[in-house]
Participant: 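Here it is, the structure, as C-alpha cells.
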Amino acid sequence: KQWYQRRVRGVPLFADQFLNARLVQSKNFGLMLTREEVNVLTLTRAHKKMFKRREEFARNMKQAAEIASSDPGAGMGALKFYSDLLIQYGNAEFLNNRLIEKQYDHEIHNFDIVAMLILIFLAVILCILAVIIKLCRFCFKAF
C-alpha cells in the first residue's frame, strides 16, 4: 500500500517500455518523457508538475491497484467482478484502453506478420514449381 504515494516518471528506452510509459501517463499515474526530451529543464518541470498532482496520481494508482489486485482471472468470477465494478463506478470506462483504440488495424490484427507468412508460403510454392518444371524439362529431353 505504501507505493500508492510514489509518483511514476517514465523514460522509455526500448521494447514495451513505450507502451507502459504511455499507459502510465494516460491513466494519470505519472508522466512520460522520451529520451530525447530528458534534460535538466524538462526533468525539473516534470518533477514540479508531478509534485503538484501527487494526490491525483496516488488516487488513480490506488484505484487501479485495487482493481488489479482483486481481478479474478476468467469465468463466472470475472463476470461478477466486472459487473460489480460497473455498478460501483457507474460506467465501463476502466475497460477502455485508449492506446489500443488509437492503433492501426495492421497493428491490432498483425497484418504485417500475416503478409510476411503469405510471402514466405508463396516463395516456397514458387521454388517447388521451379524444381518440378526443371525436372520435367530434364526428363522429356532424355527421351
Side-chain angles (χ1 to χ4, degrees), residues 1-140:
K1 305 268 186 220
Q2 70 191 96
W3 51 271
Y4 296 150
Q5 303 304 317
R6 306 287 186 252
R7 295 170 297 280
V8 178
R9 185 181 306 121
V11 181
L13 299 176
F14 61 91
D16 66 336
Q17 293 176 351
F18 291 96
L19 179 65
N20 293 336
R22 283 189 293 184
L23 187 62
V24 163
Q25 185 162 320
S26 71
K27 297 296 183 183
N28 287 321
F29 302 153
L31 299 175
M32 177 184 122
L33 294 171
T34 63
R35 183 181 62 200
E36 296 79 22
E37 294 175 324
V38 174
N39 60 43
V40 174
L41 181 62
T42 57
L43 285 174
T44 303
R45 284 181 185 162
H47 183 72
K48 287 179 182 178
K49 185 187 268 188
M50 291 177 73
F51 187 76
K52 286 179 185 175
R53 296 175 60 192
R54 67 185 180 277
E55 291 169 2
E56 175 190 356
F57 290 151
R59 183 177 56 252
N60 293 337
M61 191 176 288
K62 183 175 182 178
Q63 180 183 3
E66 287 171 356
I67 290 171
S69 67
S70 59
D71 187 351
M76 289 302 289
L79 179 62
K80 181 184 179 314
F81 171 75
Y82 289 113
S83 299
D84 290 345
L85 283 177
L86 183 62
I87 292 167
Q88 180 180 353
Y89 294 109
N91 62 38
E93 187 67 26
F94 58 89
L95 293 175
N96 291 340
N97 187 336
R98 299 280 186 266
L99 299 175
I100 291 176
E101 289 174 358
K102 292 179 182 177
Q103 288 180 328
Y104 295 104
D105 282 339
H106 72 275
E107 292 175 315
I108 295 171
H109 301 293
N110 296 321
F111 290 144
D112 52 342
I113 295 171
V114 172
M116 183 62 71
L117 291 174
I118 289 172
L119 285 174
I120 292 171
F121 176 75
L122 290 175
V124 169
I125 295 296
L126 287 174
C127 289
I128 292 171
L129 285 174
V131 169
I132 291 173
I133 290 171
K134 286 190 180 203
L135 283 174
C136 287
R137 285 183 183 166
F138 178 75
C139 290
F140 290 122

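For the single chain, residues carry numbers from 1 onward in sequence order.
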Participant: For C136, which residues count as a side-chain contact (heavy atoms from CB on, under 4.5 Å) partner, sequence neighbours excluded?
Facilitator: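 Counting only residues at least two positions away or on another chain, C136 forms a side-chain contact (heavy atoms from CB on, under 4.5 Å) with I132, F140.
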Participant: Once salt bridge (Lys or Arg N to Asp or Glu O under 4.0 Å) is applied, do any residues pair with E37, and if so which ones, sequence neighbours excluded?
Facilitator: none
Participant: What's the spacing between L13 CG and T34 OG1 if we round to 0.5 Å?
Facilitator: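 L13 atom CG to T34 atom OG1 measures 10.5 Å (nearest 0.5 Å).
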Participant: Excluding sequence neighbours, so at least two apart, what forms side chain to side chain donor-acceptor pair (under 3.5 Å) with E56?
Facilitator: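 For E56, the residues satisfying side chain to side chain donor-acceptor pair (under 3.5 Å) (neighbours in sequence not counted) are R53.
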Participant: Looking at residues at least two apart in the chain, or sitting in another chain, which of them share a side-chain contact (heavy atoms from CB on, under 4.5 Å) with L135?
Facilitator: V131
Participant: What pairs with R45 under side chain to side chain donor-acceptor pair (under 3.5 Å), at least two apart in sequence or on another chain?
Facilitator: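 Result, side chain to side chain donor-acceptor pair (under 3.5 Å) vs R45: none returned.
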Participant: Validate the cation-pi geometry between R54 and F51: distance from NZ or CZ to the six-membered ring centre under 6.0 Å, angle to the ring axis within 45°.
Facilitator: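 R54 over F51 ring: yes.
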Participant: Does CD in E55 sit with more than 12 non-hydrogen atoms of other residues, nucleotides or ligands closer than 6.0 Å?
Facilitator: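 Not buried by this count: 12 neighbours or fewer within 6.0 Å.
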Participant: Let's go through V24 and M32 carefully: what are the C-alpha distance in whole Å and the side-chain angles of both, what is the deciding distance for side chain to side chain contact (heavy atoms under 4.5 Å, CB included) to 0.1 Å, and is it a yes or a no?
Facilitator: CA-CA 8 Å; V24 163; M32 177 184 122; over 6 Å; no
Participant: Roughly how far, to the nearest 0.5 Å, is the NZ atom of K52 from the CZ atom of F57?
Facilitator: 12.0 Å
Participant: Where is the tightest heavy-atom contact between L33 and T42, given as atom of each residue plus distance?
Facilitator: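 Scanning both residues completely, I find the closest heavy atoms to be CD1-O, 4.3 Å.
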Participant: Once rounded to the nearest 0.5 Å, what's the spacing between atom NE2 of H47 and atom CG of L31?
Facilitator: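 Rounded to the nearest 0.5 Å, the NE2-CG separation comes out at 11.5 Å.
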Participant: Only counting residues at least two apart or in another chain, list the ones meeting side-chain contact (heavy atoms from CB on, under 4.5 Å) with I125.
Facilitator: F121, L129
Participant: Who passes side-chain contact (heavy atoms from CB on, under 4.5 Å) against M116, sequence neighbours left out?
Facilitator: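 Per chain and number, M116 pairs via side-chain contact (heavy atoms from CB on, under 4.5 Å) with I120.
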